[in-house]
A.B. asks: 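Before we start, here is the structure in question, set down as structure tokens.
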Amino acid sequence: MHDDSGRGCLVGAGGLTSFVGRRQEIAGVRRSLSASRLVTLTGPGGIGKTRLALVVADRVRRAFRDGIQVVQLASLDDAREVASAFTSALAVLDQSNRSATQQLVDHLGTQQVLLVVDNCEHVLTATAELLAELLETAPGLRVLATSREPLGIAGELVTVIPTLSVPTAEQLHDAASVDHSEAVQLLVDRARSVAPDFAVTDTNRLAVQQLCERLDGMPLAIELAAIRLRTLSVGQVVERLDRRFELLTGGSRVARPRQQTLRALIDWSHELCSDDERLLWARMSVFPGGCDLTAVEEVCGFGDFAAERVVDVLDRLVAKSIVIAEHIGERVRYRQLMTVREYGAERLDELGELPVLRRRMRDHYLRQARSMVERWCGPGQHEMLATMRRDHANLLAALEWSLTTPDEHPAGGRLASFLRYHWIAGGSLSEGRRWLDRILDVLDGDTVERGSVLWVAAWATLLQGDREAAAVRLAELEHVAAVLDDPELAAHAANWRALYHLFSGSLPTAIGLYHRAVRGHRALGSTGAVLTAQFQLAMARNFQEPAGNALETCREVLAVSARHGERWNHAYALWISGLQHWRAGDMAAAKQAATAALEIQRDFTDGVCTALVLELMSWIAMSNQQADDAAMLGAAAGAVWHRLGTSIDAFGPHITADSLRLAQQVVETVGAERVAKVTQRLAHLTKAEAIELALEIDAAVKPTTATCVARSCPLTDRELQVARLIAAGLSNRAIAENLVISPRTVDGHVERMLGKLGFASRTQVASWIASLDESGDEARAHRAPAP
């Protein structure tokens with residue numbers, strides 16, 4: 001029998017190999033079987049529907065007096081043979097001339113049995129009709145079916161089986177993290193059957209992650225890939241995945257033919273599709289990153305296959321598990337597994353439609369990017385950024401085609417420049433700069449397109465601290481603006497030349513240029529550009545002029561942005577306001593502004609603004625004598641800077657001097673060793689995790705428990721919760737699941753707790769909690785113990 005850990009050897013439940021993962025799916029299917037007499041597991045071929053159904057059946061066997069029966073339909077070529085396949089599988093002994101259906105009705109009439117009906121998709125109608133009659137006449141019957149599309153019977157509960165969980169590159173940051181991914185667990189398990197010493201190491205872990213990701217966590221594909229590890233390294237398999245249909249062969253000789261090679265598996269799905277479904281499957285392969293309905297209609301709906309027909313055919317592809325529909329709030333995105341998409345790409349190439357589809361996709365995203373810029377100064381900014389992030393792979397594919405196709409370079413330049421907020425605010429700063437530089441290498445002449453790319457490239461380059469390269473771009477921009485006598489390019493030339501001087505420490509020159517840029521943007525009615533120039537002007541004033549000038553400029557930005565429902569510039573103005581209050585010694589006002597800016601970043605996760613606000617919050621904490629918090633906030637800022645590929649040094653000598661001075665104060669207060677430990681522990685924080693950690697630290701500074709009044713209070717309520725869960729033996733990951741927070745937020749709480757209590761390990765925390773419980777002195781939880 002299979003054990004409840006999700007691993008172990010199956011007997012009579014799908015083979016001799018161990019069953020890996022699927023805890024949530026097993027529990028969900030069991031609940032569905034309790035609620036409905038017909039449960040259908042759907043999903044693409046190779047996803048593991050059959051194996052999961054057999055494991056679930058094995059788990060619930062005791063609930064059925066007459067046991068479990070399995071009906072395999074994969075070998076049927078004629079739908080008229082479905083009922084006979086059932087009678088054969090159930091060993092119905094009846095020599096009369098009654099129909100097979102009637103024999104089944106009589107046989108199952110009083111039985112309490114679970115039927116596992118496997119591979120229904122190619123005989124769907126006949127199977128659905130038979131099961132409908134059996135369920136109506138046999139009240140003790142329950143059915144667990146597997147099919148690439150639902151049976152469509154009243155009362156059917158459909159469970160879509162997902163791919164195995166695949167780690168991101170960040171999650172697999174060391175070899176020990178392998179156990180958190182079902183796909184990696186399966187790869188390791190199957191690889192050891194052909195290479196017993198196989199293991200995930202720090203040397204091959206990135207290749208393991210890439211292999212599982214590019215195989216979409218599809219169990220059959222992973223098992224076929226594992227066979228190749230008999231003669232190839234993981235990296236060599238990854239290098240050959242562009243020929244996956246030739247590479248992933250050689251499955252079990254006793255498996256069904258279509259499960260011995262990946263191509264045969266996908267061929268089977270293709271044969272079950274209509275001509276329209278095959279056409280849309282092929283055309284949708286142009287999207288490497290999934291897409292929304294509008295994109296499918298605009299890009300794929302043309303010629304004899306009109307856009308109006310897309311919805312109906314797309315629905316059928318979703319039903320057949322060729323396309324996966326993912327619900328994100330009220331939005332739905334559609335994607336194909338990479339294996340399915342590459343198969344479709346082969347068909348698209350045969351149709352000769354690839355150039356047409358590439359151009360249509362590029363033009364679609366060019367319209368989307370232009371619309372984003374036009375609507376930027378208003379509500380909905382973070383939703384637009386989120387949409388662009390989801391379409392990131394599609395955007396890069398559109399840019400690549402534009403750069404490598406003659407006569408498409410100007411359109412590629414327009415797309416890259418319109419993606420300015422995606423690059424700068426959307427978290428793709430380094431990648432954006434690379435693409436902008438590539439476009440400038442092929443885009444010649446004094447044109448508006450080149451001028452637009454130049455100023456966006458200068459902006460990105462300045463944020464990366466490469467002022468020398470930015471100066472080259474700015475000189476070109478000023479030349480193009482003058483040749484074309486273009487007021488918009490001239491305003492941007494002044495704006496980004498001002499930023500160059502601000503980051504170089506030439507504050508008076510920067511301030512003068514910002515005034516010119518504001519006048520130019522305002523004359524063109526570019527309110528968003530005015531706000532951006534103004535918050536940068538406020539930053540320059542923060543270091544150069546009396547405090548009131550910077551705050552006055554910030555107040556103007558805050559008022560105008562609030563009136564327009566604009567929040568991106570608003571957050572930066574809050575940061576600068578907080579910076580000015582901190583410099584003036586008003587820590588309460590500084591903290592209020594910084595917290596408000598960080599709350600906005602919960603939606604935006606703009607890396608630059610997030611890192612700057614985290615830096616400021618660290619300085620505020622240090623100024624308030626909260627050195628442990630300052631160390632953690634500084635480490636969180638460092639993690640975000642690292643992901644961006646830049647640092648606070650890029651923002652000029654004045655703010656860099658503040659950063660160095662406060663960092664030194666933290667080291668002198670808590671010690672270099674502790675700072676190093678915290679920095680290492682939090683180095684893998686994502687932007688979202690860093691934001692949540694900072695907001696929790698901010699909320700935890702004030703005591704919230706009545707017992708803390710009028711006495712020393714080293715632990716907050718949340719830290720005390722974490723301490724008790726440590727004492728209960730929970731790991732940081734388990735604590736995170738218990739408290740519904742991220743594991744890295746728990747890491748941060750543990751670090752702060754150890755610092756406050758003067759302990760070196762979690763064991764000491766557990767012992768301390770145990771001593772409190774033994775004495776019954778709950779109040780002692782809020783007094784500092786002796787280190």
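Sequential numbering from 1 along the given sequence is applied to the chain's residues. Computed from heavy atoms alone, side chains included, the values below leave out hydrogens, waters and symmetry copies.
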A.B. asks: With sequence neighbours excluded, what pairs up with D437 under the salt bridge (charged side-chain N to carboxylate O under 4.0 Å, His left out) test?
C.D. replies: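 Salt bridge (charged side-chain N to carboxylate O under 4.0 Å, His left out) check on D437 returns R433, R473.
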
A.B. asks: Scan residues 283-298 for pairs that pass salt bridge (Lys or Arg N to Asp or Glu O under 4.0 Å), counting only residues two or more places apart or in two chains.
C.D. replies: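 Salt bridge (Lys or Arg N to Asp or Glu O under 4.0 Å) check on residues 283-298 returns R283-E353, E298-R367.
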
A.B. asks: Looking at R434, R389, H422, which one forms a side chain to side chain contact (heavy atoms under 4.5 Å, CB included) with S428?
C.D. replies: H422

A.B. asks: Can you tell me how far the CG atom of L357 sits from the NE2 atom of H364, to the nearest 0.5 Å?
C.D. replies: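 It is 13.0 Å, given to the nearest 0.5 Å.
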
A.B. asks: Are the side chains of V311 and V296 in contact, using a 4.5 Å heavy-atom criterion?
C.D. replies: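 No; the side chains remain at least 4.5 Å from each other.
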
A.B. asks: Looking only at heavy atoms, what is the nearest atom pair of G652 and R467, with distance?
C.D. replies: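 Minimum heavy-atom contact is N-NH1, 4.5 Å.
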
A.B. asks: Search all heavy atoms of A295 against all heavy atoms of F287 and return the closest pair with its distance.
C.D. replies: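 Between these two residues, the closest heavy atoms are O-CZ, 3.7 Å.
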
A.B. asks: Can you tell me how far CZ of R420 sits from CH2 of W423, rounded to the nearest 0.5 angstrom?
C.D. replies: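 W423 CH2 to R420 CZ: 12.5 Å, rounded to 0.5 Å.
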
A.B. asks: Are R438 and W435 in a cation-pi setup, meaning NZ or CZ lies under 6.0 angstrom from the ring centre and within 45 degrees of the ring axis?
C.D. replies: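 Cation-pi check for R438 and W435: passes.
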
A.B. asks: Going through the distances and angles, do M388 and Q368 end up as a side-chain contact (heavy atoms from CB on, under 4.5 Å)?
C.D. replies: CA-CA 9 Å; M388 287 298 179; Q368 296 293 102; 4.1 Å; yes

A.B. asks: Who pairs with A627 by side-chain contact (heavy atoms from CB on, under 4.5 Å), at least two apart in sequence or on another chain?
C.D. replies: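 For A627, the residues satisfying side-chain contact (heavy atoms from CB on, under 4.5 Å) (neighbours in sequence not counted) are M622, T669, V670.
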
A.B. asks: When you measure from the side chain of H409 to the backbone N and O of L403, does any donor-acceptor pair fall under 3.5 Å?
C.D. replies: yes

A.B. asks: Can you sort out the partners of L558 under side-chain contact (heavy atoms from CB on, under 4.5 Å), two or more places apart, ordered by chain and number?
C.D. replies: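 By the side-chain contact (heavy atoms from CB on, under 4.5 Å) rule, L558 matches H570, A573, L574, S577.
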
A.B. asks: Look up atom SG in C554 and atom CG in L537, then write down how far apart they are to the nearest 0.5 Å.
C.D. replies: 9.0 Å

A.B. asks: Would you tabulate the side-chain donor-acceptor contacts of residues 509-524 under 3.5 Å, counting partners in other chains and residues two or more places apart, or write 'none'?
C.D. replies:
| residue | atom | partner | partner atom | Å |
| --- | --- | --- | --- | --- |
| Y514 | OH | L499 | N | 3.4 |
| Y514 | OH | Q536 | OE1 | 2.9 |
| H521 | NE2 | N495 | OD1 | 3.1 |

A.B. asks: Determine which pairs satisfy side chain to side chain donor-acceptor pair (under 3.5 Å) with at least one residue from residues 483-494, sequence neighbours left out, and list them in order.
C.D. replies: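 Matches after skipping sequence neighbours: H492-W496.
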
A.B. asks: Check R333 against G290 and note the closest heavy-atom contact, atom names and distance.
C.D. replies: NH2-O, 2.9 Å

A.B. asks: For T405 and R362, run side-chain contact (heavy atoms from CB on, under 4.5 Å): C-alpha distance rounded to whole Å, both residues' side-chain angles, the deciding distance at 0.1 Å, then the answer.
C.D. replies: CA-CA 12 Å; T405 305; R362 194 276 316 284; over 6 Å; no

A.B. asks: Just to verify, what does E383 make a salt bridge (charged side-chain N to carboxylate O under 4.0 Å, His left out) with, not counting sequence neighbours?
C.D. replies: none

A.B. asks: Which value, rounded to the nearest 0.5 Å, describes the distance between Q580 atom CD and N549 atom CG?
C.D. replies: 9.0 Å

A.B. asks: Do L399 and L415 touch side chain to side chain, with heavy atoms closer than 4.5 Å?
C.D. replies: yes

A.B. asks: Donor-acceptor pair, R331 side chain versus E326 backbone, under 3.5 Å?
C.D. replies: no

A.B. asks: Would you please name every residue forming a salt bridge (charged side-chain N to carboxylate O under 4.0 Å, His left out) with R390, sequence neighbours left out?
C.D. replies: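 Listed in chain order: nothing, the list is empty.
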
A.B. asks: If I compare all heavy atoms of I439 with all of G413, which pair ends up nearest, and what's the gap?
C.D. replies: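 Here I439 and G413 meet closest at CG2-CA, 3.9 Å.
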
A.B. asks: Do C291 and Y365 make a side-chain contact, defined as non-hydrogen atoms from C-beta onward lying under 4.5 Å apart?
C.D. replies: yes

A.B. asks: Distance only, no hydrogens: is a donor on one side chain within 3.5 Å (strictly under) of an acceptor on the other, for T404 and R358?
C.D. replies: no

A.B. asks: If we only count heavy atoms from C-beta on, is the V613 to Y572 side-chain gap below 4.5 Å?
C.D. replies: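 Heavy-atom side-chain distance check fails, nothing below 4.5 Å.
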
A.B. asks: Hey, can you tell me if W568 and F535 have their rings parallel, tilted or perpendicular (30° and 60° cut-offs)?
C.D. replies: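 Perpendicular.
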
A.B. asks: If you round to the nearest 0.5 Å, how far is CZ of F651 from CG of L462?
C.D. replies: 9.5 Å

A.B. asks: Going by the rule salt bridge (charged side-chain N to carboxylate O under 4.0 Å, His left out), which residues pair with R661 if we only count those two or more places apart in sequence or in a different chain?
C.D. replies: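 Counting only residues at least two positions away or on another chain, R661 forms a salt bridge (charged side-chain N to carboxylate O under 4.0 Å, His left out) with D658.
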
A.B. asks: With a sphere of 6.0 Å drawn around CG of D407, does it hold more than 12 non-hydrogen atoms of other residues, nucleotides or ligands?
C.D. replies: no

A.B. asks: Any side-chain heavy atom of H479 sitting closer than 4.5 Å to one from E476?
C.D. replies: no

A.B. asks: Taking side-chain contact (heavy atoms from CB on, under 4.5 Å) as the definition, give me every residue that meets it alongside S371, ordered by chain and number, with sequence neighbours left out.
C.D. replies: R375

A.B. asks: Got V640 and L685 here, is their nearest side-chain heavy-atom distance under 4.5 Å?
C.D. replies: no

A.B. asks: On a heavy-atom basis, which atom in A635 and which in L682 lie closest, and how many Å separate them?
C.D. replies: CB-CD1, 4.0 Å

A.B. asks: Could you check whether any side-chain N or O of Y421 sits under 3.5 Å from a backbone N or O of L385, counting only pairs where one atom can act as donor and the other as acceptor?
C.D. replies: no

A.B. asks: Measure the shortest side-chain to side-chain distance between S623 and W582 over non-hydrogen atoms and say whether it is less than 4.5 angstrom.
C.D. replies: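 Yes; the side chains approach each other to less than 4.5 Å.
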
A.B. asks: In Å, rounded to the nearest 0.5 Å, how long is the span from OG1 of T686 to CD1 of I691?
C.D. replies: 8.0 Å

A.B. asks: Does any non-hydrogen side-chain atom of H564 lie less than 4.5 Å from one of L531?
C.D. replies: no

A.B. asks: Could you check whether any side-chain N or O of S647 sits under 3.5 Å from a backbone N or O of D649, counting only pairs where one atom can act as donor and the other as acceptor?
C.D. replies: yes

A.B. asks: Check whether the side chains of E431 and H392 place a donor and an acceptor atom closer than 3.5 Å, and report yes or no.
C.D. replies: yes

A.B. asks: Look at the side chain of R541 and the backbone N and O of A550, then say whether any donor-acceptor pair between them is shorter than 3.5 Å.
C.D. replies: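 Looks like no, no N/O pair under 3.5 Å.
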
A.B. asks: For a side-chain contact (heavy atoms from CB on, under 4.5 Å) check, start with the C-alpha distance between L463 and F503, then their side-chain angles and the critical distance, and finish with the verdict.
C.D. replies: CA-CA 9 Å; L463 291 176; F503 287 176; 4.3 Å; yes

A.B. asks: Can S430 and Q464 be counted as having a side-chain donor-acceptor contact under 3.5 angstrom?
C.D. replies: yes

A.B. asks: Donor-acceptor pairs under 3.5 angstrom involving side-chain atoms of residues 453-461: please list them, not counting sequence neighbours.
C.D. replies:
| residue | atom | partner | partner atom | Å |
| --- | --- | --- | --- | --- |
| T461 | OG1 | A457 | O | 2.6 |

A.B. asks: What are the two closest heavy atoms between M632 and L693, and how far apart are they?
C.D. replies: CE-CD1, 3.8 Å

A.B. asks: Show, in sequence, the C-alpha distance, side-chain angles and deciding distance for L440 and R450, and conclude whether the side-chain contact (heavy atoms from CB on, under 4.5 Å) test is met.
C.D. replies: CA-CA 7 Å; L440 288 172; R450 183 170 176 82; 3.6 Å; yes

A.B. asks: Inspect the contact between R414 and E449 and indicate whether a charged nitrogen and a carboxylate oxygen are less than 4.0 angstrom apart.
C.D. replies: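 Yes.
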
A.B. asks: Should we count CD of Q592 as having more than 12 external heavy atoms under 6.0 Å?
C.D. replies: no

A.B. asks: Enumerate the salt bridge (Lys or Arg N to Asp or Glu O under 4.0 Å) contacts for residues 562-572, please, sequence neighbours excluded, ordered by first and then second residue.
C.D. replies: R567-D603

